[in-house]
2 protein chains.
Amino acid sequence: MTALAAAPGGGARATTREDWLDVALALLARRGAGAVSVLTLSERLGVSRSSFYWHFRSREGLFDALLERWDARNTRSIVRQAEAEAATITESVCNVFRCWVNPALFSPRLDVAVRAWARASDTARARLDAADRERTAAIEAMFARHGFAPDDAMVRARVLYTMQIGYYALDMREPIAARLALAPRYLETFTGVKPRDQEVAALRAYALAHAAVQDFEDPS
Amino acid sequence: MTALAAAPGGGARATTREDWLDVALALLARRGAGAVSVLTLSERLGVSRSSFYWHFRSREGLFDALLERWDARNTRSIVRQAEAEAATITESVCNVFRCWVNPALFSPRLDVAVRAWARASDTARARLDAADRERTAAIEAMFARHGFAPDDAMVRARVLYTMQIGYYALDMREPIAARLALAPRYLETFTGVKPRDQEVAALRAYALAHAAVQDFEDPS
DNA sequence: GGCCGTCTAGACACCCTTGTCCAGTCCCGC
DNA sequence: GCGGGACTGGACAAGGGTGTCTAGACGGCC
């Protein structure tokens with residue numbers, strides 16, 4: 001997706017719609033909506049600007065597709081993780097927690113960027129609200145499955161989800177070790193149950209395996 | 001600040017630096033950084049665009065001043081509320097809670113907008129991080145004063161502050177009554193102590209007195 | 001009254017961006 | 001081999017943004 005031959009004509013590998021979306025998503029996540037210009041995208045793809053208009057009707061069309069993909073990836077991941085089977089509530093929360101730490105499941109920066117951009121657009125706002133409702137509903141159901149009373153499940157789901165969004169909105173820059181040290185306490189805050197050593201160890205192992213990626217800042 | 005006579009020359013009331021900042025802050029909070037253009041501001045003030053450059057060196061200079069005022073208002077409010085005297089931890093948390101519900105103390109939309117914008121700028125980012133550290137430190141100290149162990153205070157401060165930021169990042173639109181119904185449960189999550197009826201009643205009264213403002217959407 | 005400092009309007013140059021148009025190049029099926 | 005569809009490059013117009021410059025109006029101070 002990055003190193004395309006810039007030969008004129010379709011001789012070399014041509015860009016696909018997906019390529020444009022990839023670059024746009026990365027740019028949106030790192031530099032915000034304002035930085036997503038057709039020119040910038042085409043330069044990153046090593047391709048002419050007009051190529052863009054073959055794949056997309058307009059810049060707005062790109063953002064529509066962007067929102068679609070954001071929803072499909074980020075929201076789906078959360079829902080799937082919340083619905084995963086687990087013996088204890090702590091284990092369930094850890095499942096959701098995997099979204100926060102594994103870039104393959106969830107892109108925090110993208111989520112924040114989409115949120116910041118969608119605030120201006122009414123149609124995007126509606127979609128965003130729907131996504132948030134879907135996410136919290138899934139987490140709420142997760143708590144309910146583990147026997148929490150309806151409104152208790154609701155508050156716990158909100159605390160969990162809202163706090164995580166806030167964490168990314170703050171965009172704290174602290175080493176993974178510092179974050180992990182607090183994990184057991186956070187878990188207990190969410191579940192109301194003291195996590196077992198075995199559960200904490202599993203979470204720590206998973207986090208360490210994936211979070212290294214987020215400790216680097218790409219200069220793009 | 002809104003109805004300025006547009007008479008040529010300084011004959012009528014002239015705009016002040018504060019006027020520009022007021023309008024810019026309002027616009028930033030409601031439409032995001034991209035919407036804050038010199039032209040838009042001047043139109044809202046009923047004044048020529050070039051007037052802007054008498055008050056500010058450049059558009060960037062405006063944003064510097066904006067950040068300054070945002071910090072002075074929003075951050076100061078939180079710190080002051082966190083440092084206010086209170087008999088119980090619940091009461092202390094309620095004090096901070098006043099920021100979230102009283103527009104005179106804290107502007108959530110502005111906070112979110114500044115956050116979204118500052119992400120792109122390095123200097124603004126540094127300032128933002130400093131503000132967040134100051135806020136959480138004040139809340140952490142608040143918990144510590146009520147006898148919480150150091151790292152317990154730290155986690156509780158983070159849960160409280162991070163969750164609130166997340167709440168505004170989500171920008172949930174729900175009636176004040178629904179929010180208030182959950183307030184006691186949230187309080188207990190933050191403090192670990194069941195709030196007394198009297199404390200809940202005081203919080204509810206305060207919230208009802210101020211939150212009506214936020215139930216309206218201004219069309220600007 | 002004269003003058004200076006404050007404040008404003010309008011014109012201008014310049015840049016960046018979007019969206020369109022057209023000529024042209026390549027792959028692929030026939 | 002060839003013709004059409006997929007795909008790209010460069011030129012173009014139009015709009016909106018910033019920042020500068022100049023001419024000038026007004027209030028207050030001397």
Side-chain angles (χ1 to χ4, degrees), chain A residues 1-24 27-28 30-67 113 117 120-121 123-124, chain B residues 1-24 27-28 30-67 113 117 120-121 123-124:
Chain A
M1 105 191 187
T2 48
L4 291 177
R13 170 89 168 70
T15 59
T16 68
R17 201 180 152 95
E18 296 301 306
D19 291 332
W20 289 92
L21 283 174
D22 284 340
V23 177
L27 205 56
L28 177 63
R30 279 157 190 73
R31 298 286 168 202
V36 181
S37 73
V38 180
L39 178 64
T40 308
L41 296 180
S42 64
E43 278 174 352
R44 298 223 171 176
L45 285 168
V47 137
S48 164
R49 201 171 55 79
S50 70
S51 314
F52 174 86
Y53 292 94
W54 195 92
H55 296 284
F56 300 93
R57 188 178 36 79
S58 68
R59 185 173 178 270
E60 203 181 338
L62 170 75
F63 275 89
D64 286 347
L66 237 44
L67 194 57
W117 155 65
S121 155
T123 65
Chain B
M1 104 192 186
T2 48
L4 291 177
R13 171 88 166 70
T15 60
T16 68
R17 200 179 153 94
E18 296 301 304
D19 291 332
W20 290 92
L21 283 174
D22 284 340
V23 176
L27 206 56
L28 178 63
R30 280 157 189 74
R31 297 287 167 202
V36 181
S37 73
V38 180
L39 178 63
T40 308
L41 295 180
S42 64
E43 278 174 351
R44 298 224 170 176
L45 285 168
V47 138
S48 165
R49 201 172 56 80
S50 70
S51 314
F52 173 86
Y53 292 94
W54 195 91
H55 296 284
F56 300 93
R57 186 177 40 78
S58 68
R59 184 172 178 271
E60 203 181 338
L62 169 76
F63 275 90
D64 286 347
L66 236 43
L67 194 57
W117 154 67
S121 155
T123 64

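Letters go in sequence order (proteins before strands), and every chain restarts at 1. Hydrogens, waters and symmetry mates play no part in the numbers below; they use all other heavy atoms, side chains included.
Regarding B:R49, its CZ atom lies at a distance of 10 Å from the C1' atom of C:dC12, rounded to whole Å. The distance between atom CG of B:L62 and atom P of D:dT18, rounded to the nearest whole Å, is 10 Å. Distance CZ (A:R17) to C1' (D:dA6): 15 Å, rounded to an integer number of Å. Here C:dT18 presents its P atom at 11 Å from CH2 of A:W20, a figure rounded to the nearest Å. Atom CG of B:L39 is separated from atom P of D:dG19 by 13 Å (rounded to the nearest Å). Atom P of nucleotide C:dG10 and atom CD of B:E43 are separated by 13 Å, given to the nearest angstrom.
Note that the OG atom of A:S51 and the CZ atom of A:F56 stand 11.5 Å from one another [nearest 0.5 Å]. Between the OG atom in A:S37 and the CZ atom in A:R31 there is a gap of 13.0 Å [rounded to 0.5 Å].
Looking at heavy atoms from C-beta onward, B:T15 lies out of side-chain contact with B:F52 at the 4.5 angstrom threshold.
Here the closest heavy-atom approach between residue B:S58 and residue B:Y53 is recorded as CA-CE2, 4.3 Å.
For B:S48, taking side-chain heavy atoms from C-beta onward, the closest of the listed nucleotides C:dT8, D:dT18, D:dT8 is C:dT8.
Judged by distance alone, with hydrogens and angles left aside, the side-chain atoms of B:R59 form a donor-acceptor pair with the main-chain N or O of B:V36 at under 3.5 Å. A:H55 places no side-chain N or O within 3.5 Å of a backbone atom of A:E18 that could act as its donor or acceptor partner.
Both A:S50 and A:S37 lie near DNA chain C, and the one whose nearest nucleotide falls closer to the 5' end is A:S37.
For DNA chain C, the neighbouring residues in residues 51-61 of chain B, judged by any heavy atom under 4.0 Å, are B:S51, B:W54, B:H55.
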